[in-house]
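Below: the structure, in structure tokens.
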Amino acid sequence: MQYTLPLVPFDRLESLHQRLLAVFGPPAAFVRLDPVSQMLLAMLSARTRNEAALAVFVRLVEHFEVARFKGSWARLAEASFHELDPLLEGITHADRKAVALPRALQEIASLSGGLSLDFLHGWPVDDALSWLERIYGVGPKTSTATLNMSTLRKRVLVVDTAHWRAANCLGLIPEQASPERSIRLLNRQVPDRWGAGETEQHHILMQELGRNFCARKNRTACPFARLCAHGVRNPAHQPERLLEDFLHIPPPLPDKREKVNPINLLEAGAENLNPEKSTMRPMAQNSVGPATPFGLRQEAAP
């Protein structure tokens with residue numbers, strides 16, 4: 001199935017994107033990890049707070065001596081459930097992930113001949129997504145995050161729960177659409193001109209909207225409150241039409257002032273992943289950079 005085929009004549013996402021930038025400002029930079037590390041981090045972050053997922057990720061890096069093995073997760077691939085389960089304390093469905101993480105690594109090694117996903121760099125997005133989703137525990141959200149937010153930097157839109165919730169409220173997707181189906185529906189709306197940077201940025205902005213307003217049902221303060229499909233009480237109103245009309249109005253100029261409330265990126269322990277103690281954080285959901293103290297390849301997202 002095509003993820004990037006534009007089906008709408010009017011670029012709703014492009015217009016919405018400009019309004020999100022005007023409200024939130026451009027997202028802060030974050031650290032990009034190699035694809036295998038980003039895949040593991042995305043798996044850990046499923047239904048888990050970003051800070052908790054990163055804390056566990058750093059714990060795994062240290063416990064399995066990733067630096068000693070030059071960035072390889074070979075020891076994690078061989079870990080037993082009893083060894084891994086206590087290390088996952090603090091994340092949702094730790095018992096399931098204690099099974100999924102080693103098995104996913106084992107399947108990558110079996111299918112590709114090694115514990116690396118760098119070979120996907122030259123693959124078309126759809127082929128790379130299909131290959132990744134053959135791996136145990138890797139669904140559409142993890143596969144898109146692995147391709148877009150790792151050093152692979154592929155043009156594909158990541159949609160997590162917060163993003164899905166915001167898209168649903170704005171009427172970008174049908175109300176009954178599942179998060180998994182929404183990934184495909186929203187990727188079909190991605191403007192032709194967008195590259196990996198735009199899809200990545202749009203996801204972070206929609207994630208911010210979903211977390212701060214939709215998840216908290218904070219409709220009074222929401223900058224898109226009058227468009228919210230869930231907030232429209234008059235059945236004669238059509239939220240999709242409201243959104244379409246609203247997006248045809250020229251957007252305000254983006255706010256270029258220093259942001260007061262930066263995009264919510266992962267905090268805990270991220271400095272340990274950067275040899276220069278940078279303040280940039282990796283994303284829980286991303287050209288090959290220098291080795292970190294733990295042996296993880298990374299680069300700063302522009």
Side-chain angles (χ1 to χ4, degrees), residues 8 10-28 30 45-51 141 144-145 157-183 185-191 194 198-267 281 283-285:
V8 290
F10 171 65
D11 282 340
R12 293 196 298 173
L13 254 60
E14 174 66 38
S15 184
L16 174 61
H17 187 74
Q18 296 306 314
R19 284 162 174 76
L20 289 167
L21 284 172
V23 171
F24 296 115
F30 64 91
S45 71
R47 300 185 180 277
T48 300
R49 291 174 58 250
N50 287 344
E51 294 80 3
K141 192 206 81 169
T144 51
L157 185 63
V158 183
V159 181
D160 65 358
T161 302
H163 187 153
W164 164 76
R165 189 179 285 115
N168 193 290
C169 287
L170 290 175
L172 290 170
I173 53 175
E175 185 176 355
Q176 70 277 13
S178 67
E180 292 74 20
R181 183 182 173 220
S182 299
I183 293 176
L185 293 174
L186 289 169
N187 268 279
R188 288 175 181 152
Q189 299 181 45
V190 170
W194 281 15
E198 286 81 11
T199 54
E200 161 202 300
Q201 188 180 67
H202 186 74
H203 164 64
I204 298 172
L205 293 169
M206 287 290 284
Q207 187 182 65
E208 180 79 348
L209 179 65
R211 284 177 181 165
N212 288 341
F213 298 101
C214 306
R216 300 178 183 179
K217 298 182 179 179
N218 189 11
R219 296 187 185 121
T220 302
C222 179
F224 300 96
R226 70 186 183 90
L227 305 177
C228 180
H230 296 170
V232 176
R233 296 183 179 180
N234 186 342
H237 287 176
Q238 299 180 26
E240 294 83 357
R241 185 68 255 166
L242 289 174
L243 176 65
E244 199 83 358
D245 291 342
F246 174 72
L247 293 180
H248 274 90
I249 301 171
L253 294 175
D255 186 355
K256 296 183 178 181
R257 296 173 297 175
E258 183 177 355
K259 295 172 60 179
V260 177
N261 297 311
I263 296 296
N264 183 24
L265 302 178
L266 295 176
E267 300 290 342
R281 304 295 187 248
M283 289 294 293
Q285 301 303 7

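In terms of heavy atoms, L185 sits closest to A177 at CD1-CB, 4.1 Å. Heavy atoms only, all atoms of each residue included: L172 and R12 are closest at O-NH2, 3.7 Å. The minimum heavy-atom distance linking P26 with L21 is given by the pair CA-CD2, 3.8 Å. Closest non-hydrogen pair, N187 versus I183, comes out as ND2-O, 2.8 Å. Closest approach of A166 and C214 over heavy atoms only: CA-SG, 3.6 Å. Between L170 and F224 the shortest heavy-atom distance is CD2-CB, 3.7 Å.
In this structure, CG in L16 is found 10.0 Å from CD in Q189, a value given to the nearest 0.5 Å. The distance from the CZ atom of R47 to the CG atom of D160 is 11.0 Å, given to the nearest 0.5 Å. Atom NE2 of H163 and atom CD of Q207 lie 9.0 Å apart (nearest 0.5 Å). Distance check, rounded to the nearest 0.5 Å: CD1 of I204 to OG1 of T199 gives 9.5 Å. Between the CD atom in Q201 and the CG atom in L205 there is a gap of 5.5 Å [rounded to 0.5 Å].
With sequence neighbours excluded, the residues forming a side-chain contact (heavy atoms from CB on, under 4.5 Å) with E14 are D11, Q18, P191, R193, W194, listed by chain and number.
Side-chain N or O atoms of S178 include one that pairs as donor or acceptor with a backbone N or O of R181 at under 3.5 Å. Side-chain N or O atoms of T144 include one that pairs as donor or acceptor with a backbone N or O of K141 at under 3.5 Å. Remark: side-chain polar atoms of S182 are not paired, donor with acceptor, to backbone N or O of E180 under 3.5 angstrom. A distance-only check finds no donor-acceptor pair linking the side chain of N168 to the backbone of W164 [under 3.5 Å]. In this structure, the side chain of H202 does not engage the main chain of H17 through any donor-acceptor pair within 3.5 Å.
Side chains of F24 and L209 form a contact here, defined as non-hydrogen atoms less than 4.5 Å apart. Using a 4.5 Å heavy-atom threshold, the side chains of M206 and V159 count as separate.
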